[in-house]
There are 2 protein chains.
Amino acid sequence: MRILIVEDEPKIGNYLRQGLAEACFVVDLARDGLDGLHLALTEAYDLAILDVMLPGIDGWQVLQGIRRSGKEMPVLFLTARDDVDDRVKGLELGADDYLVKPFAFSELLARVRTLLRRGGMAKEPEFLRAADLELDLMRRRVTRSGKKINLASKEFALLELLLRRRGEVLPRSLIASQVWDMNFDSDTNVIEVAIRRLRAKIDDGFDQKLIHTVRGMGYVLEATE
Amino acid sequence: MRILIVEDEPKIGNYLRQGLAEACFVVDLARDGLDGLHLALTEAYDLAILDVMLPGIDGWQVLQGIRRSGKEMPVLFLTARDDVDDRVKGLELGADDYLVKPFAFSELLARVRTLLRRGGMAKEPEFLRAADLELDLMRRRVTRSGKKINLASKEFALLELLLRRRGEVLPRSLIASQVWDMNFDSDTNVIEVAIRRLRAKIDDGFDQKLIHTVRGMGYVLEATE
DNA sequence: CTTCCACGATAAGGATTCTCATGCGTACTC
DNA sequence: GAGTACGCATGAGAATCCTTATCGTGGAAG
């Protein structure tokens with residue numbers, strides 16, 4: 001699988017190249033937008049990773065150039081934390097996914113694999129919803145009935161999992177593996193505690209409870225009444 | 001690559017099978033020692049993952065049976081946190097690596113890959129040392145001049161990295177990627193803070209400092225005088 | 001030699017997350 | 001129906017880790 005990286009910061013670029021090479025990808029690295037676009041048009045890649053902020057022409061323009069040429073490989077955008085609008089714009093222009101800097105390499109790898117598996121079709125959704133609860137994946141923000149709710153990172157990860165598999169009863173083992181990178185320790189109740197904290201933030205004070213306990217099975221997020 | 005798992009707890013066994021299958025390994029799962037040994041002897045595996053506590057014959061006996069038959073594939077042991085002696089025994093019997101339950105799946109995967117890459121030769125060391133500092137990888141314990149030092153997990157990971165590459169100057173970017181799963185955020189000083197905490201525990205109060213700052217480069221652990 | 005600046009050290013504070021202890025409710029047994 | 005065991009809920013406390021702010025120091029430039 002061939003991947004094109006367009007990234008001007010040498011530290012990041014080299015790290016990505018090295019990390020992806022170790023994961024058995026063939027990687028080309030371009031240091032600016034022009035080089036990147038040129039490579040993208042003359043070579044055949046299965047995926048492109050574009051930084052938004054680039055010297056010369058920026059990531060959007062590279063993306064536009066790629067799409068105009070008719071190339072359809074999936075594109076993953078790298079954006080700075082604050083430039084939310086950039087992210088929206090990138091998705092509108094035809095990016096398939098985005099990643100906010102700073103990010104964990106494992107996160108990048110996971111997304112790269114996902115994009116390659118499904119060939120770039122079916123973009124990442126931007127929102128997850130259930131009843132009046134809304135989770136904004138891009139902005140990493142959560143609201144219920146329009147009211148902003150602040151979630152810590154574990155809380156967010158847990159809610160994201162519950163929402164992605166809304167209606168399914170998720171056993172603890174699954175939750176542990178997804179949110180905690182797996183932990184077979186039975187003598188801990190981190191999950192209960194985390195659920196408790198999450199409930200306090202998204203269910204307490206609301207009539208309609210969204211998180212339900214299924215005794216002996218696990219937890220579901222459901223908007224049934 | 002074919003992997004044999006011998007694990008009686010269904011939760012763990014299934015999870016391992018699934019996770020390793022997703023990582024493109026061919027996996028067989030045995031629920032007890034006898035089945036496991038039988039499979040190990042009749043089929044050809046590139047690696048075996050053995051739980052110590054098993055119904056019927058235990059993990060050591062399976063290992064002994066494997067070795068007696070002349071099979072040399074690498075063996076990774078899974079042990080409970082408390083049974084330290086078990087771990088030592090396992091290594092003496094010819095295991096190549098061990099993992100303490102509970103563990104992160106990513107950790108397991110990393111070790112599996114390492115073992116497969118080097119074909120099981122060259123066992124994991126049990127200790128890392130520098131001057132009078134000793135890090136016990138199995139017990140996850142650290143002593144200096146024989147005095148026990150309690151380290152938090154990040155501190156331990158950092159010290160382990162420094163010790164594994166003792167004498168090398170490690171740039172921040174490397175440390176960040178290894179200990180923090182990479183983080184390109186420049187406006188944080190987590191590393192300095194972590195180094196500080198680590199120094200407080202292993203260098204403060206000792207004449208011979210082990211952690212040295214190399215201005216503009218990074219940090220080294222060295223026992224030079 | 002002095003000044004300035006970048007880099008690192010350090011302290012303090014806060015946020016997050018885990019552990020532990022305990023309470024409650026449900027389901028099962030007798 | 002009473003007793004009991006188990007699973008989950010909850011609260012309190014602590015450990016760990018990160019952020020921010022400030023200070024110090026070494027090295028380069030003038």
Side-chain angles (χ1 to χ4, degrees), chain A residues 11 81-82 102-104 140 142 149-162 169-173 175-176 178-205 209-221, chain B residues 11 81-82 102-104 140 142 149-162 169-173 175-176 178-205 209-221:
Chain A
K11 249 201 271 185
R81 178 176 294 287
D82 315 312
F103 53 82
R140 304 232 111 210
V142 174
I149 296 172
N150 266 327
L151 293 186
S153 70
K154 277 267 162 33
E155 293 163 2
F156 192 93
L158 178 57
L159 180 59
E160 183 179 343
L161 174 64
L162 287 165
V169 179
L170 305 179
R172 280 139 204 284
S173 60
I175 296 175
Q178 297 285 310
V179 180
W180 278 265
D181 189 17
M182 178 203 209
N183 188 330
F184 292 128
D185 208 347
S186 45
D187 62 354
T188 177
N189 70 338
V190 260
I191 297 183
E192 280 90 341
V193 174
I195 288 279
R196 167 78 193 109
R197 281 203 314 270
L198 190 55
R199 274 177 166 152
K201 292 194 177 174
I202 73 158
D203 268 349
D204 282 11
K209 305 301 182 192
L210 294 174
I211 299 176
H212 308 280
T213 304
V214 183
R215 219 184 151 79
M217 303 270 93
Y219 298 94
V220 213
L221 191 146
Chain B
K11 248 200 273 184
R81 178 176 297 286
D82 315 313
F103 53 84
R140 305 235 110 209
V142 174
I149 297 173
N150 266 325
L151 293 186
S153 71
K154 277 267 161 42
E155 292 162 4
F156 191 93
L158 178 56
L159 180 59
E160 183 180 342
L161 174 64
L162 287 165
V169 179
L170 305 178
R172 281 136 206 283
S173 60
I175 296 176
Q178 298 285 308
V179 181
W180 278 264
D181 188 16
M182 178 201 212
N183 189 332
F184 291 127
D185 209 347
S186 45
D187 62 354
T188 177
N189 69 340
V190 261
I191 297 183
E192 280 89 341
V193 175
I195 288 279
R196 168 76 194 113
R197 281 202 314 270
L198 190 55
R199 276 178 165 152
K201 292 194 178 174
I202 74 158
D203 269 348
D204 281 13
K209 305 302 181 191
L210 294 174
I211 299 175
H212 308 279
T213 306
V214 182
R215 223 184 146 79
M217 304 270 93
Y219 297 94
V220 214
L221 191 145

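Quick note: numbers below take in every heavy atom, side chains included, and nothing from hydrogens, waters or symmetry partners. Residue numbers start from 1 in every chain, and the chains themselves are labelled A, B, ... in the order their sequence lines are given, proteins ahead of strands.
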Does a side-chain N or O from [X] land closer than 4.0 Å to OP1 or OP2 of [N], or not?
X: B:Y219; N: C:dA9; answer: yes
X: A:T188; N: C:dT19; answer: yes
X: B:R196; N: C:dA9; answer: no
X: B:T213; N: C:dG8; answer: no

For [X] and [N], give me the distance from atom [atom1] to atom [atom2], rounded to whole Å.
X: A:L158; N: C:dC18; atom1: CG; atom2: C1'; result: 15 Å
X: B:H212; N: D:dT25; atom1: NE2; atom2: P; result: 19 Å
X: A:D203; N: D:dT10; atom1: CG; atom2: P; result: 11 Å
X: A:F156; N: C:dA15; atom1: CZ; atom2: C1'; result: 18 Å
X: A:I175; N: C:dC18; atom1: CD1; atom2: P; result: 14 Å
X: A:L198; N: D:dA9; atom1: CG; atom2: P; result: 12 Å
X: B:N189; N: C:dG13; atom1: CG; atom2: C1'; result: 14 Å

Of the non-hydrogen atoms in [X] and [Y], which two are nearest, and what is the gap between them?
X: B:L170; Y: B:I175; result: O-CD1, 3.7 Å
X: A:T213; Y: A:Y219; result: OG1-CE2, 3.5 Å
X: B:K201; Y: B:I149; result: O-CD1, 3.6 Å

Between the protein and nucleotides 15-17 of chain D, list the N/O to N/O atom pairs that are separated by less than 3.5 angstrom.
unit_1, atom_1, unit_2, atom_2, d
D:dC17, OP1, B:S153, OG, 2.7
D:dC17, OP1, B:K154, N, 2.9

Problem set entry | Any B:L159 side-chain heavy atom under 4.5 Å of B:E155 side chain | no
Exercise. So do the side chains of B:L162 and B:L198 get within less than 4.5 Å of each other, counting heavy atoms only?
Worked result: yes
Problem set entry | Residues which pass salt bridge (Lys or Arg N to Asp or Glu O under 4.0 Å) with A:R196, listed by chain and number, not counting sequence neighbours | A:D204
For this session: Using salt bridge (Lys or Arg N to Asp or Glu O under 4.0 Å) as the criterion, list what pairs up with B:K154, not counting sequence neighbours.
Result: none
Exercise. For A:A157, which residues count as a side chain to side chain contact (heavy atoms under 4.5 Å, CB included) partner, sequence neighbours excluded?
Worked result: A:V179
For this session: Supply the atom-to-atom distance B:I211 CD1 to B:L158 CG, rounded to the nearest 0.5 angstrom.
Result: 6.5 Å
For this session: Answer yes or no: is there a donor N or O on one side and an acceptor on the other, between the side chain of A:D203 and the main chain of A:K209, under 3.5 Å?
Result: no
Seminar exercise, completed: Taking five pairs at each terminus, the helix from C:dC1-D:dG30 to C:dC30-D:dG1 shows an axis bend, to 10°, of 20°
Exercise. Below 4.0 angstrom, N of the basic side chain to O of the carboxylate: do B:E192 and B:R199 qualify?
Worked result: no
Using the 3.5 Å cut-off, write out each protein N or O paired with an N or O of nucleotides 4-7 of chain D and the distance between them.
none

